[in-house]
> 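Sending over a structure as structure tokens; questions will come in a sec.
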Protein chains: 2
Amino acid sequence: MVTPQIDLNNEAAYRPIGIFDSGIGGLTVARQVMRRLPGESIVYFGDTARVPYGSKSDRTVREFAWEDSLFLLGHGIKLLVVACNTASAVALDELTRYLRVPVLGVIEPGARAGVERSRNGRIGVIGTQATVDSRAYEKAIQGLNPKLAVYSTSCPLFVPLVEEGWIEGEVPELIAKQYLTPLLDAGIDSLILGCTHYPLLKPMLAKVLGPDIDLIDSAEEIARQVQVLLNDSNELNPSQHGVRHFFVSDLPRRFEELGKRFLGEPVAGISIAEPWKHFRPAPLKDQP
Amino acid sequence: MVTPQIDLNNEAAYRPIGIFDSGIGGLTVARQVMRRLPGESIVYFGDTARVPYGSKSDRTVREFAWEDSLFLLGHGIKLLVVACNTASAVALDELTRYLRVPVLGVIEPGARAGVERSRNGRIGVIGTQATVDSRAYEKAIQGLNPKLAVYSTSCPLFVPLVEEGWIEGEVPELIAKQYLTPLLDAGIDSLILGCTHYPLLKPMLAKVLGPDIDLIDSAEEIARQVQVLLNDSNELNPSQHGVRHFFVSDLPRRFEELGKRFLGEPVAGISIAEPWKHFRPAPLKDQP
């Protein structure tokens, strides 16, 4: 590992990028950031003790997102990436408003790519129940171009299928057909994969949807946005090889085993962290 | 609602039974307890903010189980039922050892029923990854009769299927065939449904497995054990209609909507509770 020669005039550039997700899926985002910006150091947190977020309430996800973010801020990050679509959909506004570091979510980059790449103006979005219920992709897409039509559907079984490694064959194809037929019937020409687990289903989805549907993976888009933002603020890390730390709240061995498939290389240096033991926000919940 | 005339000589009988589960599935246990013992009051806690437990580590599940149990103890329960198979498999021993109320799990009653009902001595068990990894059913069955053969397999997609309401048709049948064919090939004549979600899949499982396989639901068995235990200790509640309180850590509306299917009647009186905010156990985790 190359130890960077710290340029004391630009200390900020050497600080790490923080990335959090509800679990392992955010490694697809880390992978694209590492591919595009190999000199950047990364601190990753995956909340594997409380995964999934996508089937839980806005209030609970916001509370978890605050705990995860403040844990990463404790590592001196220069930029926070909310790799979890659900947390991006429901907590990005308040994190952006109250934190002193720039915060990037995965919704806006994915929406922008959909707007740029759709030819017929009919864009499909798939995600968790919470992401779809939030209508965050619709708002982002129509904020860019109000004439576009957006067709969304939740695919709650896709995350368990990916977690099981059941990413091709009869069962996932049947489930995908059932979820996606209404979107095909609506005439979409592009489909935003609005959950960090879904990029692993790309080959299966391409088979089910046929060659005419453009599959949009927000991980690539957000990595491009990270680069633009750090370049603009003169905070690109001049190191040759960034340092990476991975924290999970449970099951580090499983994270190591499965993580390779998401990260595209072995996941080295995993530790356990439980952010809720360090930081206790004021209760956000009311009675029903 | 009938207010019981408190018999001051037997105050303990009027105290509620505490039941906890990782989420909604434990309502199948509450249902059987209510059917068999309509005079008993029940305090139920479903940890819907941290569900599922079955894919998490022993240490995390033990920590969650302690928090859930101490929350229920705060309600003055006379008996604790661990309705969650995963928590029963990994935490029952220590809860039993350290708590002052009797603690019943769902493993032993299910195992006992399997031993009593199997004719050929080949018993199948299905459950979550954590339950199967714990080998708790094997140990319980072979503790009763070491000559019996136990064949276990985890069915990680069954819980998401039930949560989605996808309990019959081509997709669950295909998945069930894939999971259960090895057990059929092993010649089992009875199958223990080692997860509180699975009773809702009974009709589908009966179709896939055929009429010769006896499906064993631990919910009925544990209700019988609750009755025996309270009868022996002279703590059966003489009321005509027990009072029921349901607490969840997230999404009370969803619990109300889905819960009816599990409980067999409307779930009335749901509140939010977050036991981890009241009770903080000493950290149980090491580095990997």
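Fair warning: this is a prediction, and the values are worked out from it, not measured in the lab.
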> Measure the shortest side-chain to side-chain distance between B:Val51 and A:Lys56 over non-hydrogen atoms and say whether it is less than 4.5 angstrom.
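Answer yes - side chains close enough.
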> Can you tell me how far OG of A:Ser57 sits from CZ of B:Arg254, rounded to the nearest 0.5 angstrom?
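Between atom CZ of B:Arg254 and atom OG of A:Ser57 there are 11.5 Å.
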> With a sphere of 6.0 Å drawn around CD of B:Glu168, does it hold more than 12 non-hydrogen atoms of other residues, nucleotides or ligands?
no
> Tell me whether the count of non-hydrogen atoms from other residues, nucleotides or ligands lying under 6.0 Å of CD in B:Glu170 goes above 12.
no
> Under the rule for side chain to side chain donor-acceptor pair (under 3.5 Å), what residues qualify as partners of B:Ser154, not counting sequence neighbours?
B:Gln129
> Has A:Lys202 got more than 12 heavy atoms of other residues, nucleotides or ligands less than 6.0 Å from its NZ?
yes
> Taking atom NZ of A:Lys260 as the centre, does the number of heavy atoms from other residues, nucleotides or ligands within less than 6.0 Å exceed 12?
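Count not over threshold, so no.
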> To the nearest 0.5 Å, what is the distance between CD1 (A:Ile175) and CD1 (B:Ile175)?
4.5 Å
> Nearest 0.5 Å please: distance from the CH2 atom of B:Trp276 over to the CZ atom of A:Arg50.
8.0 Å
> Let me know if B:Glu163 has heavy atoms under 4.5 Å from chain A in its side chain, its backbone, both or neither.
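Answer is neither: B:Glu163 stays 4.5 Å or more from chain A.
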> Thinking salt bridges, do B:Glu63 and A:Lys277 make one under a 4.0 Å N-O criterion?
yes
> Of the backbone (N, CA, C, O) and the side chain (C-beta and beyond), which part of A:Phe64 lies under 4.5 Å from a heavy atom of chain B, both, or neither?
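Looking at A:Phe64, just its side chain touches chain B.
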> Compare every heavy atom of A:Thr60 with every heavy atom of B:Ser249, then report the nearest pair and how far apart it is.
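Heavy atoms of B:Ser249 and A:Thr60 come nearest at O-OG1, 4.2 Å.
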> With a cut-off of 6.0 Å (strictly less than), are more than 12 heavy atoms of other residues, nucleotides or ligands near CD of A:Glu173?
yes
